[in-house]
Every structure is written in structure tokens, then in C-alpha cells.
Amino acid sequence: MTDTESDLLARIRVHGAVPRHIAIIMDGNGRWARERHMPRPFGHRSGMKAVRAVVEGCLESGVEWLSLFAFSQENWQRPETEVSALMSLLEEFIAREAADLARQGVCVHVHGDLDRLSPAAAAAVERVRRETSGGARLGLNLFISYGGRAELVRAARLLATDVLQGDLLPEEIDEAQFRSRLFTAHCPDPDLLIRTSGEQRLSNFLLWQVAYAELYISSVLWPDFDRAALYEAICDFQRRDRRFGRVTP
Ligand code: IPE
Ligand code: IPE
Ligand code: MG
């Protein structure tokens, strides 16, 4: 750990309240590569070490849940060469990291329209789920082939099916019922949503779940996002006044 990282971590610990759940829109790989006159997949590859860094940072600072937006439903519309490079990197990441993640107590969950994945990518997803299922220190949600609106439509369909089967009455549908049909039913909503590369939009990520998340836009491009950058975001979060519509006493 560098001096900056340990100073920031000490500051986080003094303050106390760490976000339980951090969600990150990992953006800016393409621009990072372009700045280096390299093809876009070079940026995606470099982004893998930032994933490692934020996992370490969450483990170190006591964050319980980390949600990473790795590939959106809309990203399928990118050129075929870029899509296949991203899928190969996913397989490579899992092959390289699954054992370490399991050893560190990280439990990996993967969410999205996984039917669209290639057989090799789907097998990698199954493998990381299986090998890390015992992890109890950090829950890592990976969103792949994911769209927030599609997740909401899926939840509505699941509710409709339960009503049709007579397991649920329409008047019983409330926020808790709806929430329990989302991919993230197993974890609390994100407290902090980070987006890198300066873009100020949600891009269809976790539309329901971020209702009361604190937003943190970092100008850093994803491959340069490191543990110190994560700790800066947590420090910033600790200075926020979360009112949830009420007034501060
Ligand atoms: C984020 O980086 C990775 C994915 C969306 C898969 P981008 O590829 O979007 O990089 P920019 O935004 O073009 O710089
Ligand atoms: C959002 O980034 C998706 C991921 C980070 C996986 P994009 O780069 O695809 O989003 P837009 O196109 O800037 O909205
Ligand atoms: Mg982008």
C-alpha cells in the first residue's frame, strides 16, 4: 500500500461510516487507449487491473458489496471485433482471478441476459460462481449483457407469472415484492454510485436500485482508477449529508 493509500484509509476509518454497497460504471477504456494511439481492446485489457484494485480496496476498507457494470445490453451494438475482445477478456479475467477471489472471501454473482453469451463465456461465468460461492467477506456483482429497463421488465413478468399461477394477488404487489424479483434481491441498494471518465449519465444501470445512491463522477479514465481513487470517492461520500427526503435534526 502506498503512503497516499494508507493516509486515505486512515481518514476513512476515523470517520467510520463506509458505504455498504458501491456500484461502479467503469467507463473510459476506449479514450484511455486512444490517448496512447492504441486500439480500444488495449484499454479494456488495461481496465482489468483497475478491477483488481477496487476489489482490494473494498476488502481493505470494509465495503460489503461491489457492483461493477462490465458490459451493457447496448454494448452488443459495438463492432464485432470489440465485442469478442471484451468476451475473451471476461474469460481471461475469470481464469486468472477466480482462485484468488475465492481465497480472499469474495463471492461473485453475475447478472444480465446471459443467454446471449457464447458457450465459452457462459462456462466461465458458471465456473466463477461455483468456485467463489463460499465467499463471505465481499459480494461482487458483475453486470454483463445487462440493461436496467430489461431488469425491470423481467421483474414485472415474474410478478405477472406469480399472479397468473395464483401465488400472488395484484393488491399484494408492493415495493418489497418488486424488489425481490430484481437481480439484486440478495443485497442492499448501492449507497454510492461511481462513474469514471467524467460522463454524467446512468446509461441504463441499476435504475431502480440507485434511487437514493450518492453520485460521484470521477474524471479519471477507468484503467487509471486505482485504490487511492476509490478511497477518495469513499472520503467524499463520508462528507455527504444523506437526508432521504427528511430534514437534518
Ligand atoms: C468502458 O469503456 C467499457 C465498456 C463499456 C465495455 P468504453 O469502451 O465505453 O470507453 P470509452 O467511453 O469509449 O472511452
Ligand atoms: C456504460 O458505458 C456501460 C459500461 C460501463 C459497461 P458506455 O460507454 O457503454 O455508455 P455510454 O454509451 O457512454 O452511455
Ligand atoms: Mg464509454
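All ligand and atom numbering here is 1-based and tracks the order in the structure.
Listed by atom number, the atoms of ligand 1 under 4.0 Å from R40 heavy atoms are 7 (P), 8 (O), 10 (O), 13 (O).
With hydrogens and angles ignored, the 3.5 Å screen pairs a side-chain donor or acceptor of E151 with a backbone N or O of F183. Here the side chain of S67 pairs no donor or acceptor atom with the backbone of A23 at under 3.5 angstrom. Between the side chain of R31 and the backbone N or O of G43, no donor-acceptor pair lies under 3.5 Å.
Relative orientation of the F69 and F205 rings is parallel, given thresholds of 30° and 60° on the angle between their planes. The aromatic rings of W65 and H109 are tilted relative to each other, their planes meeting at an angle between 30° and 60°.
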task = Quick one: do Y212 and F244 satisfy ring-ring contact (aromatic ring centres under 6.0 Å, His included)? Show the steps, please.
result = CA-CA 7 Å; Y212 259 106; F244 300 100; 5.1 Å; yes
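Using a 4.5 Å heavy-atom threshold, the side chains of L230 and I194 count as touching.
Counting all heavy atoms, side chain and backbone alike, A70 lies closest to I144 at CB-CG1, 4.2 Å. Considering every non-hydrogen atom in both L8 and A228, the closest pair reads CD1-O, 3.6 Å.
R179 has a carboxylate O that lies under 4.0 Å from a charged side-chain N of D189, or vice versa, which qualifies the two as a salt bridge.
Distances between N or O atoms of W32 and those of ligand 1 include no value under 3.5 Å.
Within a 6.0 Å sphere centred on CZ of R240, other residues, nucleotides and ligands contribute more than 12 heavy atoms.
Protein atoms that are N, O or S and lie under 2.8 Å from the Mg ion (ligand 3) are these: D27 OD1.
Residues of the protein with a heavy atom under 4.0 Å from ligand 2 are I25, M26, D27, F69, A70, F71, S72, N75, R78, R195, R201, S203, listed by chain and number.
Within the structure, ligand 1 lacks R34 among the residues with a heavy atom less than 4.0 angstrom away.
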